[in-house]
Amino acid sequence: MRRSGIGASARGAMAELLDRAARRGETDPSRIPARVATLPVSLVAGEMLITRQAPSQAAVTALVDDIFLPLVAHHGGTGGAADGER
């Protein structure tokens with residue numbers, strides 16, 4: 001199966017996001033499964049496929065706060081913002 005440039009670009013963006021969080025001491029990217037790391041991109045793509053429009057800012061915020069950050073905290077949190085300190 002061929003990987004698209006968009007998928008590779010999204011994976012790279014999520015890796016950069018997690019690397020930045022690691023530099024702030026918020027997570028350990030090596031402990032986060034690839035499926036968790038790329039989940040936000042997959043969920044946004046799925047929403048766009050179903051609704052045929054970009055998700056609202058509120059939907060993206062809910063996706064990050066309610067789904068992604070708890071999974072990151074579960075797999076690789078180190079006690080920082082990814083663990084719920086905000």
Side-chain angles (χ1 to χ4, degrees):
M1 183 172 179
R2 189 174 158 251
R3 292 185 178 193
S4 73
I6 293 172
S9 157
R11 282 187 299 278
M14 292 307 300
E16 175 62 27
L17 181 141
L18 290 170
D19 286 343
R20 288 180 186 177
R23 286 193 294 273
R24 292 189 304 267
E26 296 173 349
T27 192
D28 177 0
S30 69
R31 295 178 46 204
I32 299 171
R35 292 223 185 246
V36 171
T38 59
L39 183 63
V41 175
S42 298
L43 291 174
V44 167
E47 180 144 336
M48 291 175 71
L49 182 65
I50 292 168
T51 65
R52 296 183 182 225
Q53 56 186 328
S56 67
Q57 184 61 46
V60 172
T61 298
L63 182 156
V64 171
D65 291 349
D66 300 339
I67 299 170
F68 183 64
L69 289 180
L71 285 171
V72 168
H74 173 76
H75 288 284
T78 59
D83 285 330
E85 288 182 14
R86 285 194 236 172

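Computed from a predicted model, the values in this text were never measured in an experiment.
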What's the shortest heavy-atom distance between A59 and P55, and which atoms?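 Nearest heavy atoms, A59 then P55: CB-CB, 4.1 Å.
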Determine the minimum heavy-atom distance between V64 and P70, stating which atoms define it.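 It is O-CD, 4.1 Å.
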In Å and rounded to the nearest 0.5 Å, what is the [atom1] to [atom2] distance from [X] to [Y]?
{"X": "L39", "Y": "F68", "atom1": "CG", "atom2": "CZ", "value": "7.5 Å"}
{"X": "L18", "Y": "R23", "atom1": "CG", "atom2": "CZ", "value": "11.0 Å"}
{"X": "M14", "Y": "L17", "atom1": "CE", "atom2": "CG", "value": "5.0 Å"}
{"X": "H74", "Y": "L69", "atom1": "NE2", "atom2": "CG", "value": "14.5 Å"}
{"X": "R35", "Y": "L71", "atom1": "CZ", "atom2": "CG", "value": "13.5 Å"}
{"X": "S42", "Y": "L49", "atom1": "OG", "atom2": "CG", "value": "12.0 Å"}

Count the heavy atoms belonging to other residues, nucleotides or ligands that lie under 6.0 Å from CZ of R52, then report whether that count exceeds 12.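 Counting other residues, nucleotides and ligands, CZ of R52 stays at 12 neighbours or fewer.
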Do the non-hydrogen side-chain atoms of D19 and P29 ever get within less than 4.5 Å of each other?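 Yes. Closest side-chain heavy atoms under 4.5 Å.
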